[in-house]
Amino acid sequence: MKAEAAQLSIYNSLTGTKETFIPLNEGFVGFYVCGPTVYSNVHLGNCRTFISFDLVYRYLNHLGYKVRYVRNITDVGHLVDDADQGEDKIAKKARLEQLEPMEIVQQYTIDFHDVMNQFNAIAPDIEPTATGHIIEQIELIKAILDNGFAYESNGSIYFDVEKYNESHPYGELSGRKIEDLLTNTRELDGQNEKRAPLDFALWKNASDEHLMKWPSPWGIGFPGWHLECSAMSTKYLGKQFDIHGGGMDLKFPHHECEIAQGTAGCGIAPVRHWMHTNMLTLNGKKMSKSTGNSLLPAELFSGENDLLEKAYDPMVVRFFMMQAHYRSTLDFTSEALNASEKGYAKLIEAMDSLMSLTSSDSSSADVEGLVAKFYEAMNDDFNAPILVSHLFDAVKFINSTKDGKATISAADLSLLQTEMKVFVRDILGLAKSSESGESRLDPVMDLILDLRQEARANKDWSTSDKIRDGLAGAGIVVKDSKEGTSWN
RNA sequence: GGUUCCGUGGCCGAGCGGCUAGGCAGUGGUCUGCAAAACCAUCUACAGCGGUUCGAAUCCGCUCGGAACCUCCA
């Protein structure tokens, strides 16, 4: 474990305060994140949440924790319509496209993984699916029934919220009171199976034409949406675990229901630290597939969309997200993205410069102090934007040293090289995505730049500029400096 | 309607009572054959109105504007 691990504080949505992070079992962290429902392509807003938690995972790992990271794939149980009404999202898509539900699941799971790879997000240690844990879900329902917090109705099982509320506060995570919820709940049709409008389904009775269904002690049916996370987190992380993450839009009712299910079924509150990421907005509004206010990663990477004029590198987008705190909304505009693109290029170039910097007898800046600030920023509830600002302080120092206007000692150089790599590559996850297989291009460029250098030596500016402009047209930027000419 | 949150300079975003983050853009320099980059300097802020305080972007109240959740959504 790193000494800095003792200083980590995390904002807990449950208490509304930053708390020093002390894991349940020393040295180990149980970490659960609500994953996507795979009935369509993930959009950029979804990605932001997963990238935010990727940062959390990476930092916990860096601190030396042995993290078990579980992120589910929801492949059944999500209903299209009002609460516990309507059709399963995946089944609907399957019906529309005349495919097996599992074909839909497979297609969009692959897409999800592909996108997360492009964003350089580390895969979770376990990625369980709801359909793979039907038995565990049934067992959990039995426990909740045995403890008297659920009832059967027409082959469906509902969670008895009012009963639960008698002994445990329902709504503590989202700051709701059950009386307010009752007054503000709309009257919905077809809720006659439920005793009370706040009750939610643990198991739903399935009709004959239903595509996805399983046998249970209560007949043929399928699990309710909220249940899978409870069943799977309990199975892989235990009745109580350290961190549960998800988007803010899942706070109510999903996470509230998880708390109730876990407490009712296992007798203990399931989660110690709740973390919620804020929304990525577009035109000032939350990105959302249902309203069409969204952007797909593929559209962004290819530039084929109506919002932006050009394509963007996944790493630029990731960097853009790292410049905002995960608990703040982040507005997505082409202007903001362009700014990030330039800033990112500056950072990466400085990283390259750092690796070939020469040291002096002493440092003209407090490198150790700067590195300490990197940790301070991350320890303060994963404050990536503050970290980035300190990284740019380092960038300025690196460039000044390169220009001969500042100095760095050998020890400090080694420290800065190590820590910059750690924070930029390992923690922020900003891999150099352009280091693709351009090995065949290298000798060609060497030759071209050689010819250009000859022209420059002869003061044949028209030839040298012709080469530079021509390469620029091909997307290759040539830069002359004292050390020679570079390109990218 | 209920609950919660937000409103920072041209743009994006930090900030959690005093020490005026950072990136991008702008302006003026240095450097350079030119360009780019880099470096130095510099200009635009805390929605409005009150209050608390020696001191407020930061705390309190009101007004205006926006968002999220209350129904599927990361």
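Below, all heavy atoms of this structure are taken into account, side chains as well, without hydrogens, waters or symmetry copies. Each chain gets a letter, A, B and so on, in the order the sequences are listed, and its residues count up from 1.
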Expressed in angstrom and rounded to an integer, what is the separation of N399(A) atom CG from G23(B) atom P?
-> 11 Å
Which of residues 453-461 of chain A sit near RNA chain B, with a heavy atom under 4.0 Å from it?
-> R456(A), W461(A)
For N383(A) and A21(B), is the shortest distance between a side-chain N/O and OP1 or OP2 below 4.0 Å?
-> no
Between A37(B), G13(B), G22(B), which one does the side chain of D393(A) approach most closely?
-> G22(B)
In whole angstroms, the gap separating C1' of C31(B) from NZ of K479(A) amounts to 16 Å
Measure from NZ or CZ of K93(A) to the centre of the six-membered ring of Y108(A) and say whether it is under 6.0 Å with the direction within 45° of the ring axis.
-> no
Report, one pair per line, the protein and nucleotides 24-26 of chain B atoms (nitrogen or oxygen only) whose separation is under 3.5 Å.
{"residue": "A25(B)", "atom": "OP1", "partner": "K342(A)", "partner atom": "NZ", "Å": "3.0"}

A74(B) phosphate, OP1 or OP2: any side-chain N/O from N46(A) under 4.0 angstrom?
-> yes
Would you check if there is a donor-acceptor pair between the side chains of Y236(A) and H133(A) at a distance under 3.5 Å?
-> yes
Distance between P atoms of G10(B) and C43(B) (Å, rounded) = 15 Å
Protein proximity profile, nucleotides 63-68 of chain B - base contact B, sugar-phosphate-only contact S, no contact -, cut-off 4.0 Å on heavy atoms | ----SS
Touch check for H254(A), heavy atoms < 4.0 angstrom, all strands: base, sugar-phosphate only, or nothing?
-> nothing
Scan side-chain atoms only and decide if S13(A) and K251(A) contain a donor-acceptor pair under the 3.5 Å cut-off.
-> no
How would you list, by chain and number, every residue that makes a salt bridge (Lys or Arg N to Asp or Glu O under 4.0 Å) with D393(A), sequence neighbours excluded?
-> none
Between the protein and nucleotides 2-9 of chain B, which nitrogen or oxygen pairs come in under 3.5 angstrom?
{"residue": "U3(B)", "atom": "O2'", "partner": "G175(A)", "partner atom": "O", "Å": "3.4"}

How would you label the contact of S400(A) with the nucleic acid (heavy atoms, under 4.0 Å): base, sugar-phosphate, or nothing?
-> sugar-phosphate
Would you classify V478(A) as touching base, sugar-phosphate or nothing, given that sugar-phosphate means primed atoms plus P, OP1 and OP2, and contacts are heavy atoms under 4.0 Å?
-> base
Give one of base, sugar-phosphate or nothing for L280(A), where a contact means two heavy atoms less than 4.0 Å apart.
-> base
Symbol by symbol from the 5' end, with Watson-Crick or G-U pairs under 3.5 Å, [ ] crossing and | another strand, RNA chain B is ((((((((.[[[..)..(...]]].(((((.......)))))....[[[[[..)....]]]]])))))))....
Considering heavy-atom distances to RNA chain B, does S328(A) or V395(A) have its closest nucleotide positioned more toward the 5' end?
-> S328(A)
Between Q323(A) and Y344(A), do the side chains contain an N or O donor and an N or O acceptor separated by less than 3.5 Å?
-> no
So, T281(A) versus D331(A): side-chain donor-acceptor pair below 3.5 Å or not?
-> yes
For S462(A) and D460(A), test the side chains for any donor-to-acceptor distance below 3.5 angstrom and give the result as yes or no.
-> yes
Should the ring pair H255(A) and H244(A) be called parallel, tilted or perpendicular, given that the plane angle runs from 0 to 90° and is split at 30 and 60?
-> perpendicular
C1'-based separation of G7(B) from A14(B) [nearest Å] = 15 Å
